[in-house]
2 protein chains.
Amino acid sequence: MSTDASRRRDVTVADVAKAAQVSKAQAARALGNYGAVSDDVRERVLAAAEELNYRPNELARSMNTGKSNTIGVVVGDIENPHFGLATRGITDTAKKSGFNVILVNTDEDTAAEVDAVKVLLDKRVDGLIIAPASSVDTGHLESVHKSGRPLVLLDRKAPGLDVETVAVEMEGISYESTTHLIQEGHRRIAFISTIRMDEPYFAGLPLDSSQIADRRDGMKRAFEEAGLPQPEDLVRLNAGGPESIKKITRELLQQPDPATAIIASDGLIGLSVVEAIQDLGLSIPDDVSFLMYDDFAWTRLTTPPLTVIAQPVYEMGVAAADALIRQIQGRKAPAAAPEFAATLVKRGSVGPAARH
Amino acid sequence: MSTDASRRRDVTVADVAKAAQVSKAQAARALGNYGAVSDDVRERVLAAAEELNYRPNELARSMNTGKSNTIGVVVGDIENPHFGLATRGITDTAKKSGFNVILVNTDEDTAAEVDAVKVLLDKRVDGLIIAPASSVDTGHLESVHKSGRPLVLLDRKAPGLDVETVAVEMEGISYESTTHLIQEGHRRIAFISTIRMDEPYFAGLPLDSSQIADRRDGMKRAFEEAGLPQPEDLVRLNAGGPESIKKITRELLQQPDPATAIIASDGLIGLSVVEAIQDLGLSIPDDVSFLMYDDFAWTRLTTPPLTVIAQPVYEMGVAAADALIRQIQGRKAPAAAPEFAATLVKRGSVGPAARH
DNA sequence: CTGAAAGCGCTAACAT
DNA sequence: ATGTTAGCGCTTTCAG
């Protein structure tokens with residue numbers, strides 16, 4: 001053993017240079033793989049580095065290069081498999097290009113997001129991928145963008161912001177899904193989302209989330225084209241935890257003019273909705289039809305399997321990372337940005353509306 | 001607008017100092033909140049900083065302090081909700097103490113893990129939380145530990161390594177679960193895991209993963225105490241993707257002396273096993289009993305709901321982060337390390353063994 | 001191709 | 001309390 005791992009100070013280029021009997025500059029060049037170095041010197045330096053168990057200090061490196069080879073990812077909830085998958089797409093892609101990922105969870109809270117962006121910027125990440133908690137309250141994103149830091153929005157658009165965005169076209173799929181339900185005879189279609197709003201929903205309420213707004217618009221169009229009245233009284237926001245969701249579900253199903261179909265805004269909500277329906281002793285789709293966003297594997301296991309709106313989440317993570325890295329490397333955007341479409345996967349949870 | 005966000009160079013302490021008409025050192029002290037600064041100076045500095053839109057360069061800060069306020073987390077697969085939840089526990093806890101998290105995915109590949117550790121160390125993370133891909137091949141972890149960098153193992157132990165570890169006691173719960181199955185009359189109990197091994201399983205094969213080894217041992221003890229022969233021919237490793245798992249399930253169920261009960265090593269496997277069983281047209285638990293590790297919410301939605309082994313995953317993430325941060329801050333370990341126990345949650349997927 | 005020296009932005013002695 | 005002067009470990013002129 002020629003090395004003593006327990007020594008306090010790390011071994012630096014200076015140490016390696018001395019051991020290899022070259023200047024610090026030459027050692028650094030050989031180690032950092034830049035500049036001009038003779039084979040002889042490179043060999044000696046590398047050997048010395050190996051021997052001394054040298055490891056570069058990436059912080060120091062980042063300080064002068066200005067690049068940290070790190071990207072910041074800000075999402076609302078990694079615990080949600082939707083983001084888990086997207087994150088996987090991002091990290092897989094980042095790794096391929098030699099980037100690391102710092103992950104921050106915001107709990108869908110804009111204040112936390114503002115803070116996260118600050119911290120990440122202070123850490124000098126090379127770029128940011130953000131699933132913005134709000135599509136409206138975007139001052140912090142605006143300033144990131146104006147500062148020239150590469151930024152890509154994931155999953156949700158921010159209409160006022162001219163930033164590259166990777167998201168599914170929601171209005172269309174919402175229209176398609178709603179139309180499907182309408183064709184099955186449903187008129188009382190409920191929509192449940194966790195989106196936090198200060199007031200209960202009413203027709204025309206401006207929504208903080210473009211994603212939800214687009215879905216609402218899609219539903220609206222479907223009803224309009226069918227010449228039917230909007231069941232806007234069945235839109236429920238602020239569906240917090242499982243209990244809250246179950247409560248909402250019960251209300252929707254037991255009120256005077258109840259919902260005959262429920263659309264859940266994501267898989268986490270869907271889970272609780274289905275549970276509540278089962279608890280009520282109701283049958284899907286005989287008593288109530290069910291449809292949800294996100295195609296998780298378990299949706300094939302329920303009885304009946306669930307009709308869902310599948311989104312290419314992993315691919316979107318990949319695309320977001322690709323786009324960001326392209327920006328970081330200063331390459332121009334390809335002529336056509338890839339489009340991401342959701343698909344309505346009809347399984348068994350949607351059936352004809354029950355007769356009243 | 002007195003600031004020009006598009007200026008190339010960031011504003012530094014020097015700029016702030018000049019604007020506030022104090023020395024760089026005083027400005028730095030006021031900004032960094034250390035040392036002694038008069039109220040007057042602090043005020044002027046903070047005002048100038050605000051005015052100039054100053055943001056500290058954490059990289060530079062980290063360079064002299066030696067602390068990056070960042071921890072590295074290395075897991076096999078964030079896409080797996082098990083790790084998603086654990087990661088949430090880690091990030092939540094880290095944030096509370098002002099730490100950020102760099103997340104690396106290894107695909108359960110030791111080589112990738114070795115690499116990840118290197119990168120993270122080069123980035124000067126203050127500590128590491130690792131769910132080791134192998135409990136045997138741990139040279140890289142050993143050297144991290146010997147170098148004095150705080151390190152906490154999550155989810156899996158490494159017997160040869162004297163490192164703080166947050167994991168569930170697996171032998172016991174495996175024994176308990178197996179016994180439950182035995183009492184229901186099962187003798188042919190299969191166990192399916194994704195663990196990668198070069199050879200197919202045979203009795204006594206040393207397992208690379210302590211977690212799996214412990215589960216195997218628990219099953220073994222259950223059979224021994226019941227005075228029954230071990231169905232070791234029903235242990236299946238290398239269950240890669242969904243298709244591979246389904247194939248294995250079919251084999252297990254259709255071979256001459258088939259399994260009457262199947263234990264899935266995690267929720268991802270469980271999913272495919274249940275799907276395969278349904279595809280075969282078999283009924284749970286009438287034709288085959290099923291039990292799996294991880295209590296995901298969807299396991300309550302299947303018909304019948306699944307009997308599972310619940311693990312306090314989020315809490316373990318929290319505990320791992322707490323322990324690591326404690327190490328980083330140089331505080332001693334509490335007298336008693338918290339114990340984490342899994343629980344057998346009996347729902348409907350285990351029933352009496354079918355008569356042959 | 002090589003080396004000396006000057007920073008990167010900040011903190012940490014050391015004086016005053 | 002404040003300022004001066006060194007660094008942290010690395011990259012980057014700039015000479016040779």
Side-chain angles (χ1 to χ4, degrees), chain A residues 7-46 48-49 52-70 118-119 121-126 147, chain B residues 7-46 48-49 52-70 118-119 121-126 147:
Chain A
R7 181 156 22 219
R8 254 283 157 282
R9 213 178 54 76
D10 290 336
V11 358
T12 73
V13 254
D15 301 323
V16 175
K18 193 178 305 169
Q21 320 225 51
V22 296
S23 72
K24 214 175 68 178
Q26 277 309 84
R29 287 195 255 256
L31 260 11
N33 232 320
Y34 60 91
V37 185
S38 68
D39 288 349
D40 173 50
V41 167
R42 186 192 329 281
E43 227 163 85
R44 275 172 23 226
V45 170
L46 263 28
L52 295 177
N53 212 339
Y54 166 82
R55 292 266 78 211
N57 182 329
E58 290 296 343
L59 290 181
R61 197 167 264 177
S62 296
M63 266 208 53
N64 351 206
T65 60
K67 333 237 85 256
S68 60
N69 285 314
T70 302
K118 234 178 260 177
V119 170
L121 251 25
D122 290 354
K123 277 205 179 319
R124 296 307 191 259
V125 293
D126 294 335
S147 81
Chain B
R7 185 163 11 225
R8 252 285 156 282
R9 213 178 53 77
D10 290 336
V11 358
T12 73
V13 254
D15 300 324
V16 176
K18 192 177 306 168
Q21 319 223 53
V22 295
S23 73
K24 216 177 65 178
Q26 276 310 83
R29 288 194 255 256
L31 261 9
N33 232 321
Y34 61 92
V37 187
S38 69
D39 287 350
D40 172 51
V41 167
R42 186 194 326 285
E43 225 164 85
R44 270 162 41 217
V45 170
L46 263 28
L52 295 176
N53 213 338
Y54 167 81
R55 292 266 77 212
N57 182 330
E58 291 295 343
L59 291 181
R61 196 167 266 178
S62 296
M63 269 211 51
N64 341 217
T65 60
K67 333 237 84 259
S68 60
N69 285 315
T70 302
K118 235 179 261 178
V119 170
L121 252 25
D122 290 354
K123 276 204 181 317
R124 296 305 189 260
V125 294
D126 294 335
S147 80

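This is a predicted model, so every value here is computed, not measured. Naming convention: chains lettered A, B, ... in sequence-line order (proteins, then strands); numbering from 1 in each chain.
Contact check for A:L31 versus A:V45: side-chain heavy atoms found under the 4.5 Å cut-off.
Terminal axes of the helix from C:dC1-D:dG16 to C:dT16-D:dA1 (five pairs each, C1' rotation axis) are separated by 40°, to the nearest 10°.
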Per-nucleotide protein contact string for nucleotides 8-16 of chain D, where B marks a base within reach and S marks sugar-phosphate only (heavy atoms under 4.0 Å, - for neither): BBBBBB---
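Within the structure, salt bridge (Lys or Arg N to Asp or Glu O under 4.0 Å) contacts touching residues 57-66 of chain B (residues at least two apart or in different chains) are B:E58-B:R61. Contacts classified as side chain to side chain donor-acceptor pair (under 3.5 Å) and involving residues 23-33 of chain B (residues at least two apart or in different chains) are given here: B:Q26-B:R29.
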Intermediate values then yes/no, side-chain contact (heavy atoms from CB on, under 4.5 Å), A:D39 and A:R42: CA-CA 5 Å; A:D39 288 349; A:R42 186 192 329 281; 4.0 Å; yes
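Atom OG of B:S62 sits about 7.5 Å away from atom CG of B:D126, to the nearest 0.5 Å. Atom CZ of residue B:R55 and atom CG of residue B:N57 lie 11.5 Å apart, to the nearest 0.5 angstrom. Distance check, rounded to the nearest 0.5 Å: CG of A:D10 to CG of A:L52 gives 12.0 Å.
In this structure, A:L59 and B:M63 approach most closely via the heavy-atom pair CB-CG, 4.1 Å.
Between chain A and DNA chain C, the heavy-atom contact criterion of under 4.0 Å yields a 5' to 3' nucleotide range of C:dC1 to C:dG9.
Judged as a side chain to side chain contact (heavy atoms under 4.5 Å, CB included), and not counting sequence neighbours, the contacts of A:A28 are A:V13, A:Y34.
When rounded to the nearest whole Å, the span between CZ of B:R44 and C1' of D:dT2 equals 11 Å.
The closest donor-acceptor contact from the side chain of B:R44 to the backbone of B:A20 lies under 3.5 Å.
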